[in-house]
Student: 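I have a structure here, written as structure tokens, and I will follow up with some questions on it.
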Amino acid sequence: MADYNYKEIEKKWQKKWADDKVFAVKEDGKKEKFYCLEMLPYPSGALHMGHVRNYSIGDVLSRYQMMNGKNVLHPMGWDAFGLPAENAAIKNKIHPAKWTKQNISVMRQQLKTLGISYDWDREIASCDPEYYKWNQWFFIKMYEKGLAFRKKAVVNWCPVCQTVLANEQVSEGVCWRCKSPTEHKELEQWFVKITDYSDELLEGHKELTGHWPQQVLSMQQNWIGKSYGAEVDFKIFAGNKAGSLKVFTTRPDTLFGVTFMAVAPEHKIVSEMKNEIKNWDEVSKYAAQSAAKTNIERSQSKEKTGVELKGITAENPVNGSRIPIFIADYVLTGYGTGAIMAVPAHDQRDWEFAKKFNIPIIEVIKGENSSIEKSAYEGEGVLVNSGQFNNIKSDKAINTVIDWIDKQGFGKKTINFKFRDWLISRQRYWGTPIPMIHCSKCGIVPVPIKDLPVKLPEDVEFTGQGESPLKTCESFINVKCPKCSSPARRETDTMDTFVDSSWYFIRYCDPHNDKEAFDISKVDYWMPADQYIGGIEHACMHLIYARFWYKFLRDLGMVKSDEPFTNLLTQGMVTLGGSAMSKSRGNVVSPDEIIDKYGVDTVRLFILFAAPPQKQLEWSIEGVEGCWRFVNRVWRLQDIINVKSSVSAAQKDKDELLRAMHKTIKKVGVDIEKKLQFNTAISAIMELVNFLYAYKFHSNDGGVSKEVYKNTVILMAPFTPHLCEEIWRNFFNGKDYISRSKWSVFDENMIKEESVEIPVQVNGKVRGTITIDMDSDEDLVKDTALKNEKIQKALDGKKIIKFIYVKNKIATLVVK
RNA sequence: GGGCGGAUGGCGGAACUGGCAGACGCACAGGACUUAAAAUCCUGAGAUUCGCAAGAGUCGUGAGGGUUCAAUUCCCUCUCCGCCCACCA
């Protein structure tokens, strides 16, 4: 028989699947639903192996569930807004919309050659006004609920290009285009008050435990960063003027060791105390220098820097001692209060700072063998030099000190989060326009719902110079105030693209609705998504934003569950030579080429077989070759199964083959559904195929081997759908598509073995094996073991101290 | 610096809840088929020692220690690698 002709066969079935809309679905209350969701791609121009992996994994699960009778929703779309389109516009003089649409059509074609079971009728692109209209609608709802608000925030600014830069457009402090040093600039921007949901986002993890990778839950927990501690007020004195400085600390037990304070250069006390600060020139110079640095530069500086605020001092409330105050850029504005109480003996950063500025270091926690000579001691211990708290253990002291602070009235117990509000403003063109209007009389006014969507104007220029193209587009900016009709200006910021990806999976449930974002009853049928699949790099941002958005929709009464994704699978990277495939490394393998050479079934099989989905996958062309051989091995069984044998099969031979088949059916089901471990499912199928090759009675066994082959094809269908469809329809005369046919069932009785071979250990070493009846009792096993010649030899007349038997597994003799 | 993962033959990987480490595949070697090669089919194989062989022994899951009759799996210490976040008080 000729090789599996993938070129013809794969194309043929892809066309039939599309023509017959095999994967189109509708809500059906009589059927159990399964929503399989893969992270939608950014239309960068070409599919890469990471995409192929992501979508192959999803396809296995979707097809498996279809064959198990579920009503499967499996959609695909495009995360179509974003910076690269705008960069392309500047570089190649092509409109972002045109560039994006071209890329989508190329990648859509590539996706179709993968043979994934998508319902293409549900395709969406986030740059379509029909989609982003609802981003605007949700934004207005958030605004009405006080969840969208304006606040000053820092952006990277290139003084030469006169433009705002994204973090990725700044490397080593210079603009990516003109290489001039960038600056920081404060702008009034839009935020979403995601921190209102901090606690709930943490609580929700309880529901996800066991269904999401622990890794992702831990990362989100640390990202949200809830910590318990105390807020403490320090009095400050500057000449006749007095004030106070609030700090947050997780270690109130070290309060007696505070020997100085430090504030972030941006802290408001610096400007408030301007007249009292005696070395103002020096201080303001330092503040300006810090402002010019990026956060990364600030964090990478090896040496701690700072300037003392001369003329003001603080008082340590626990002992009344006067301590100096510094501004220092190792203190962050965003966390806590932007000011710290420094305990050099027990915080390494404070220790380094104190050494440099000759500030006293007072030990207040004494651990076993602890020392503060060479570095800070950050561990636990008992309190010393701490007045009435001496000799209390530090972990206990935290609460004791907080209670005392509270009673004395200079502080209180607090909870602090690392988590920040979501800055959604972007000073860009290619994004969803924020639907707000600035009126000189009425202030900020939302665009009336009936006027949505606020469409992006098409006729703008992309120069890369100056501000966002929207700012210079007169027809866009100039509007009448919806309230008072006087001339007003449109908001020119667009939304972060994470907004688009925060609810697209809900839109898939009702993708063409032009009356509302989605029909609640349809969404109620499909959501939450049963399985979400994507890269680990989205563990924190996207997966937190999407969870937040879902909770917000729930509060609007639009969705009925609390969490959008029941199960999560984070796939590993595809690497070559140990590192991720990337253009800059020049180690990219194009899916198109490989598919052309081996067919898509082979490529899918390799990607699913070479590593478990969660782990890194090393690309190997030899591995692909191996899968190609296996595909053909399965293909050739069509001939082999009909070969006449000279001997006829005994019942024992047939039973043995059938037992192997039932075992395989069971294992493949468990591996796909419960373990999401496709590599072992595939190797089990390989073993069954090897068995069929070793079996000698093919056409002389009353159809048993044919039955086994048929089930093999069914088990393989989720992995290599084209190959299996062809064999199913042609060789087995399947009436319907294989994806609509029934998954194999196994018979537990067929799997049971009557006897089992178990190893016998003597003092931990295997010295022989015995064959016993399944579930034999312990005494019998012991007798059998002791009668064994090899075991007797190993025992060598020694005394048996102990006999341990693990049922049907192993027997151990401990002797002396 | 912090957080989260990981380390098993020449390579990718397997191993239920602590129970025969190395399934399956790749690469390799040998054989069959062939005029020959490719393809295909079959067989072999962790390392090491003894043995002509059948076989027998020892070592072996990053390193070192511990618990256990038994550890890739549990505990402690350390090394290296990857990913994410960057001085989080």
Side-chain angles (χ1 to χ4, degrees), chain A residues 3 213-223 225 227 229 247-251 254 261-262 295-296 298-301 304 328-332 334-343 346-350 352-353 416-420 535-541 570 572-573 575 578-580 605-606 609-612 614-627 629-630 632-633 636 640 670 675 677 679-687 689-690 693-694 757-766 768-769 801-815:
Chain A
D3 276 357
Q214 189 52 46
Q215 187 188 5
V216 173
L217 297 180
S218 303
M219 283 165 90
Q220 288 200 354
Q221 262 161 37
N222 291 322
W223 185 271
S227 58
V247 302
F248 170 76
T249 178
T250 54
R251 296 290 304 273
T254 63
M261 297 188 78
N295 276 344
I296 293 169
R298 265 165 78 160
S299 68
Q300 277 173 345
S301 60
K304 298 270 174 290
D329 64 11
Y330 80 94
V331 182
L332 307 174
Y335 183 76
T337 62
I340 60 160
M341 53 173 239
V343 186
H346 305 292
D347 182 291
Q348 186 56 25
R349 293 156 301 176
D350 298 346
E352 287 166 26
F353 194 89
N416 195 50
F417 290 93
K418 278 190 207 174
F419 201 37
R420 300 273 72 98
I536 184 77
E537 66 274 19
H538 294 109
C540 288
M541 307 177 71
T570 48
M573 288 186 309
T575 61
S579 46
L605 191 69
F606 167 72
F609 175 62
Q614 298 85 347
K615 284 180 84 178
Q616 180 177 309
L617 169 84
E618 175 70 12
W619 181 259
S620 151
I621 196 66
E622 292 84 5
V624 177
E625 294 262 7
C627 289
R629 280 201 286 271
F630 178 66
N632 278 293
R633 221 165 131 80
R636 273 192 301 273
I640 289 168
V670 170
K675 295 190 181 172
Q677 188 161 293
N679 53 333
T680 47
I682 293 168
S683 58
I685 297 172
M686 285 174 168
E687 283 178 86
V689 169
N690 290 348
Y693 267 80
E757 215 176 59
I758 64 162
V760 180
Q761 294 183 333
V762 177
N763 283 349
K765 298 220 159 139
V766 178
T769 52
I801 299 169
K802 212 169 172 187
F803 176 73
I804 302 153
Y805 174 56
V806 182
K807 201 171 163 188
N808 301 329
K809 277 271 158 59
I810 195 167
T812 295
L813 289 152
V814 185
V815 301

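All chains are named by letter (A, B, ...) in the order of the sequence lines, taking the proteins before the strands, and each is independently numbered beginning at 1.
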Student: Hey, is the side chain of R636(A) poking within less than 4.0 Å of OP1 or OP2 on A39(B), counting only N and O atoms?
Tutor: no

Student: Please report, rounded to the nearest Å, how far the P atom of G2(B) is from the OH atom of Y335(A).
Tutor: 16 Å

Student: For a quick check, tell me whether the side chain of K304(A) and the base of C87(B) share a donor-acceptor pair closer than 3.5 Å.
Tutor: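 Per atom types, the contact qualifies.
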
Student: Would you mind telling me which of G19(B), C41(B), A23(B) lies closest to the side-chain atoms of V806(A)?
Tutor: G19(B)

Student: Mapping P759(A) and F417(A) to their closest nucleotides on RNA chain B, which lands nearer the 5' end?
Tutor: P759(A)

Student: Quick one: look up who C20(B) pairs with, Watson-Crick or G-U, both distances under 3.5 Å, and put none if it's unpaired.
Tutor: none

Student: K802(A) has an atom NZ; how far is it from atom P of C69(B), in whole Å?
Tutor: 5 Å

Student: Which value, in whole Å, describes the distance between the C1' atoms of nucleotides A38(B) and G5(B)?
Tutor: 45 Å

Student: Of the listed nucleotides (G13(B), C4(B), C87(B)), which one gets closest to any side-chain atom of S218(A)?
Tutor: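 Closest nucleotide among those given: C4(B).
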
Student: Looking only at side-chain N and O atoms, does N679(A) come under 4.0 Å of OP1 or OP2 in A14(B)?
Tutor: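 Yes, such a contact exists.
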
Student: Tell which nucleotide pairs with U61(B), taking only Watson-Crick or G-U wobble pairs whose two distances are both under 3.5 angstrom.
Tutor: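 Pair assignment: U61(B) / none.
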
Student: Apply side-chain contact (heavy atoms from CB on, under 4.5 Å) to the pair M261(A) and V247(A), showing each step before the final yes or no.
Tutor: CA-CA 9 Å; M261(A) 297 188 78; V247(A) 302; 3.5 Å; yes

Student: Check V814(A), L813(A), T812(A) against Q761(A) for a side-chain contact (heavy atoms from CB on, under 4.5 Å) and give me the one that passes.
Tutor: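 Of the listed residues V814(A), L813(A), T812(A), the side-chain contact (heavy atoms from CB on, under 4.5 Å) partner of Q761(A) is T812(A).
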
Student: Please determine if a side-chain N or O atom of R629(A) lies less than 4.0 Å away from the OP1 or OP2 oxygen of C26(B).
Tutor: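 Yes, R629(A) has a side-chain N/O under 4.0 Å of OP1/OP2 on C26(B).
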
Student: So if I take every side-chain heavy atom of N222(A) and compare against G12(B), C4(B), A89(B), which nucleotide ends up nearest?
Tutor: C4(B)

Student: Using heavy atoms to find the nearest nucleotide of RNA chain B for C627(A) and I640(A) separately, return the residue whose nucleotide is more 5′.
Tutor: C627(A)

Student: Rounded to the Å, how far apart are E625(A) CD and A39(B) P?
Tutor: 9 Å

Student: Rounding to a whole Å, what distance do you find between M219(A):CE and G3(B):P?
Tutor: 13 Å

Student: Tell me the interatomic distance from Q614(A), atom CD, to G6(B), atom P, rounded to whole angstroms.
Tutor: 11 Å

Student: Tell me whether K304(A) forms a cation-pi arrangement with Y330(A), defined as NZ or CZ under 6.0 Å from the six-membered ring centre and within 45 degrees of its axis.
Tutor: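 Yes, K304(A) sits over the ring of Y330(A).
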
Student: When syn is taken as a glycosidic angle within 90 degrees of 0, is G55(B) syn or anti?
Tutor: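 Here G55(B) takes the anti form, which means its glycosidic angle is more than 90° from 0.
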
Student: Is a donor-acceptor pair below 3.5 Å formed from side chain K765(A) to base C69(B), judging by atom type as modelled?
Tutor: no

Student: Measure from the side-chain heavy atoms of T249(A) and tell me the nearest of G13(B), C87(B), A89(B).
Tutor: A89(B)

Student: Does T680(A) get its side chain close enough to the base of G13(B), under 3.5 Å, for a donor-acceptor pair?
Tutor: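 No.
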
Student: Separation of F803(A) atom CZ from A70(B) atom P, in whole Å?
Tutor: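 Spelled out: CZ on F803(A) to P on A70(B) is 16 Å.
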
Student: How close do K418(A) and Y335(A) get, heavy atom to heavy atom, and via which atoms?
Tutor: CG-CE1, 3.8 Å

Student: Is the distance from OP1 or OP2 of G25(B) to the nearest side-chain N or O of N690(A) less than 4.0 Å?
Tutor: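 Yes.
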
Student: Just N and O in the side chain of Q677(A): are any of them under 4.0 Å from OP1 or OP2 of A15(B)?
Tutor: yes

Student: I need the CE-P distance between M573(A) and G12(B), as an integer number of Å.
Tutor: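 To the nearest whole Å, that distance equals 15 Å.
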
Student: Rounded to whole Å, please give me the gap between CD in Q215(A) and P in C85(B).
Tutor: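 To the nearest whole Å, that distance equals 13 Å.
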
